[in-house]
Amino acid sequence: MAIYSPGLSVLSQNAALPPDWPGGYWLHWLVFVVIIMTFVLASIMGFIYFERRGIGRFQVRLGPNRTGPFGILQPVADAIKVLLKEDIVPAKGDRIVHWLAPVVAFVPVLLIFAVVPFGGGAILADLNIGILYVVAVSSVTVIGVFMAGWASNNKYSLLGAMRDVAQVVSYEIPLLLSIVGVVLLTGSLSMIKIVAAQDLPFILLQPLGFLIFFMAALAEINRTPFDLLEAESEIVAGFHTEYSGMKFAMFYLVEYAEVLAISAIITTLFLGGWRGPLLPPFVWFLIKVFGVFFFIFWIRSTIPRLRIDQVMAFAWKALLPLALLNLVITGIEIVALPAISPWVIILINLGVLAVLVVVWSRFFKLGGGRVAV
Amino acid sequence: MAVKTELKLKTEPFVLNIGPVHPSTHGVFRMRVTLDGEVLIDLEPVFGYLHRGIEKLAEGRTYTQVIPLTDRLDYLASMSNNLAYVMAVEKLAGITVPERAEYLRVIMAELQRIASHLIAVGAFLNDCGAFMTPILYMIREREKILDLLEMVSGQRLTYNYMRVGGVSQDIPGEFLPALRKFVQRMPSYIDEYDQLLAENEILLARSKGVGILPKDMAINASASGPVLRASGVKWDIRKADPYSVYDRFQFDIPTGSVGDCYDRYRVRVQEMRQSVRIIKQVMEGLPEGEVKAEVAHFLRLPVGETYAHIESPRGELGFYLVSDNSIAPYRLHIRAPSLINLTALRDMTLGWKVADVIIIFGSIDINMGEVDR
């Protein structure tokens, strides 16, 4: 990868970041920030196009194909359209909060990309608490969503926002616990070291952890089947019902930036990051990110949505115990079988995954039902 | 009234207007719901937004001119409306319909039933949150049915095909081969719909046991059609009071056992299979001959009243006709199954959550053109 990485070089020279970081690397740092912003926005455009065309195919139709060759300029056309739209604030809404909400939601998602390793050394800041930082920062987005729901003075928005808060807070726990399994294997929270530790992708060593992380991540980014906060058939558009113009575009960007971030993190944590044979690291990274994203919108176009109480039950009764079990099993393996071949561990873990999934699918019921009124 | 909470938080129910403009109200229906959090504690259906006074308009038109008005009732099943109306007129006038016309009517009514159920099932799955995919698969086949109906009537939505004493014109030469092709393929398409979602765990969790309409309540509410049959009542006017030539064909009446949303969905899918079965038999026995009896242009019916009913895709569609020997009906009343099936909506939805209310409402499969008339 040609991008010069101040982060890595600082790290390789000094074990810990100097207090005046980025020190003499301000210019590099700035350039890299611009590159990352461009990458994020360009990828979101690519994602939107990819998803619309892909879902079109899933739904026995063509998808956008009129704007530019193969409809590739459709996201651009949409962006221009949405920028020119009138900006409407509800009459009795809270103007300031309404204005602030998209920003509060968008900035944390962008911050995540600071610690995503795009290639061998292409990382803005190799924090030694990398993955913890990701989890901490990403959960700020929900505040923006709740602000939007509150400030809109709309009951649909409020319902959507309340659902989002309950859901995201619940799913953060299994999400974190499944990350701990990876951290145990690596012995570090640093994203660079997590990638470096994956001679075998952690999806093999941590199949259950991957499954939990993936499902919890879907809930975190509000994708089907957990897209309750903007459940179109129920609460119109959820928290962004009252948004239009650029502010709506910001929420739209948040949605896709979150998917991009989660795809990048899944790639980094479980799929070996940028590592891969033959092709350059950055290409590998992109292939994996788009692969994960393909899987996410495949799910979106396939299965129905859960109900809010079922979503919560799934987090607390299925994912949380499974994540704890995964943690215990991983810990035992690391302590008791330190020198064993990883392939044995993979076999054990796949067996454990199969048994647990069968047991849970047999005995776990989503439940929920009629409330006596 | 409020659901008890352990915490001493002050909560109060709030009123939410779902509709008249809402993605899931299937037209301009409005539900004024009182919610306690997500739980519905009261529901008041409000309709009349699409009232066009069709019953009154009919009083100022000749018997033939009323037929296009009936197209506008249940616009997803125009053929069924045509059929029920002309049957009422023929019954009062004592007109015998030629054999071939009766067979053609059955073909059209059953094609219409398939087309209507495709939209019903697709919209129901859409309400469950399966993002547009199932309904687009079903619209693909509905288009083929619309092509067929366009061949015979020249229209794709409001056919105006039936006439007093027969049908407006004989089928064109290319109709039967096209119909044969369609009938051959349709069963495998229905299998495809089942493969999409029928056994999906999330769909089962969302719709099994949800919105139960008990047998006795269904009968008391005078429900009909798939809604009644899903509750386990084997009542189908094609069998109970055979009209046209339905008594000559073999078919089963699919029934549900519990009366929940899932049963209503399954009953509709099964009915599509039965309709295909009927069409196959009709094609085999289609006689040659006239398609329209000799009927006076300005038809004067004898003084009297009559009621003719058919099994439309949504239930018992009846036309109550009073004649004073003029060229126009003295009074025309329409028993609209959509409206009457809505009677039990409140009892079915009380205590369920917002998301359930939407799918319960969707599973009744109403059509606003018919509810408001």
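Proteins get letters first, then strands, A, B, ... in listed order; numbering begins at 1 in each.
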For B:Arg30 against B:Tyr49, the heavy-atom pair lying closest together: NH1-OH, 2.7 Å
Aromatic plane relationship, A:Phe50 with A:Phe293 - under 30° parallel, 30 to 60° tilted, over 60° perpendicular: tilted
I would like to know whether B:Gln195 and B:Asp191 meet side-chain hydrogen bond (donor to acceptor under 3.5 Å, both in side chains); could you show each step before the answer? CA-CA 6 Å; B:Gln195 283 165 14; B:Asp191 292 340; over 6 Å; no
Select one option (side chain, backbone, both, neither) describing which atoms of A:Thr302 are under 4.5 Å from chain B's heavy atoms. backbone
Let me know if A:Ile308 has heavy atoms under 4.5 Å from chain B in its side chain, its backbone, both or neither. side chain
Under 4.5 Å from any heavy atom of chain B, what part of A:Leu158 do you find: side chain, backbone, both or neither? neither
Indicate yes or no: at least one non-hydrogen side-chain atom of B:Lys215 is less than 4.5 angstrom from one of B:Val233. yes
Does the plane of the ring in A:Phe210 sit parallel, tilted or perpendicular to the ring in A:Phe214? Use 30° and 60° as the thresholds. parallel
Looking only at heavy atoms, which of residues 60-67 of chain A get nearer than 4.5 Å to chain B? A:Val60, A:Arg61
For chain A, the option from B:Leu203, B:Val357, B:Asp356, B:Asn200 that forms the most heavy-atom pairs under 4.5 Å: B:Asp356
With a 4.5 angstrom heavy-atom cut-off, could you sort out which part of B:Ile135 is near chain A: side chain, backbone, both or neither? neither
Report which part of B:Arg206 has an atom under 4.5 Å of a heavy atom belonging to chain A: side chain, backbone, both, or neither. both
B:Glu192 atom CD: more than 12 heavy-atom contacts under 6.0 Å: yes
Is any side-chain heavy atom of A:Gln310 closer than 4.5 Å to a side-chain heavy atom of A:Phe314? no
Of B:Val354, B:Leu136, B:Val210, B:Ile202, the largest count of non-hydrogen pairs under 4.5 angstrom with chain A goes to B:Ile202
Are the aromatic rings of B:His117 and B:Phe124 close, with centres under 6.0 Å apart? no
Step-by-step ring-ring contact (aromatic ring centres under 6.0 Å, His included) determination, A:Phe47 to A:Phe297: CA-CA 10 Å; A:Phe47 266 27; A:Phe297 79 70; 8.8 Å; no
